[in-house]
Engineer: 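Starting off with a structure, shown below.
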Amino acid sequence: MVEQSGAGKIDLAKIPYDDPKVYDTICAADTIGVFQIESRAQMQTLPQTRPRSIEDLTVEVAIIRPGPLQGNMVHPYIRRRKGWRR
């Protein structure tokens, strides 16, 4: 669609992983239609964890899974991410 609109051709291998505007949008939980981070649970934690890199997003996706959720690991992670001790 981008190419058909006349905006040029996109090379997926050259899309940057560190665009601050993308991370601002993610931190605002504006992620409807974004694979892996569009669930309600993800959208609730994104503003709290405020991912700023692909590595942060990897952790975000991994922590919102049945095992970590049932093991009560999410809130301790969020507290540590914010720099809180308890």
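From a predicted model like this one, the values you see are computed outputs, not experimental measurements.
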Engineer: With ILVMFWY side chains joined below 4.5 Å, transitively, what does Val2's cluster contain besides itself?
Structural biologist: Ile10, Leu12, Ile15

Engineer: Quick check: closest heavy atoms across Tyr23 and Tyr17, and the distance to 0.1 Å?
Structural biologist: OH-O, 2.8 Å

Engineer: Write out all pairs satisfying side-chain hydrogen bond (donor to acceptor under 3.5 Å, both in side chains) with one or both partners inside residues 65-74, taking only residues at least two apart or from two chains.
Structural biologist: Gln36-Arg65

Engineer: Under the 3.5 angstrom rule, does the side chain of Glu3 hit a backbone N or O of Lys9 as a donor-acceptor pair?
Structural biologist: no

Engineer: Quick one, Cys27 and Leu46 - any side-chain contact, counting heavy atoms below 4.5 Å?
Structural biologist: no

Engineer: Atom CD1 of Ile37 and atom CD1 of Ile26: how far apart are they, to the nearest 0.5 Å?
Structural biologist: 4.0 Å

Engineer: Mind checking side chain to side chain contact (heavy atoms under 4.5 Å, CB included) for Gln48 and listing every partner two or more places apart, or none if nothing turns up?
Structural biologist: Ile78, Lys82

Engineer: Please name all residues satisfying side chain to side chain contact (heavy atoms under 4.5 Å, CB included) with Val59, sequence neighbours left out, ordered by chain then number.
Structural biologist: Tyr77

Engineer: Mind checking what makes side chain to side chain contact (heavy atoms under 4.5 Å, CB included) contact with Ser39, not counting sequence neighbours?
Structural biologist: Ala41, Gln42

Engineer: Residues sharing Phe35's hydrophobic cluster, by side-chain heavy-atom contacts under 4.5 Å among ILVMFWY, directly or via others?
Structural biologist: none

Engineer: Scan for salt bridge (charged side-chain N to carboxylate O under 4.0 Å, His left out) pairs involving residues 41-52, sequence neighbours excluded, and state none if there are none.
Structural biologist: Asp24-Arg52

Engineer: Could you pull out all residues at least two apart from Thr45 that satisfy side-chain hydrogen bond (donor to acceptor under 3.5 Å, both in side chains)?
Structural biologist: Glu60

Engineer: Does Asp56 reach the side chain of Thr49, with side-chain heavy atoms less than 4.5 Å apart?
Structural biologist: no

Engineer: If the condition is side chain to side chain contact (heavy atoms under 4.5 Å, CB included), which residues does Asp18 pass it with, not counting sequence neighbours?
Structural biologist: Pro16

Engineer: Which heavy atom in Ile63 sits nearest to a heavy atom in Val74, and how many Å separate them?
Structural biologist: O-CG2, 3.5 Å

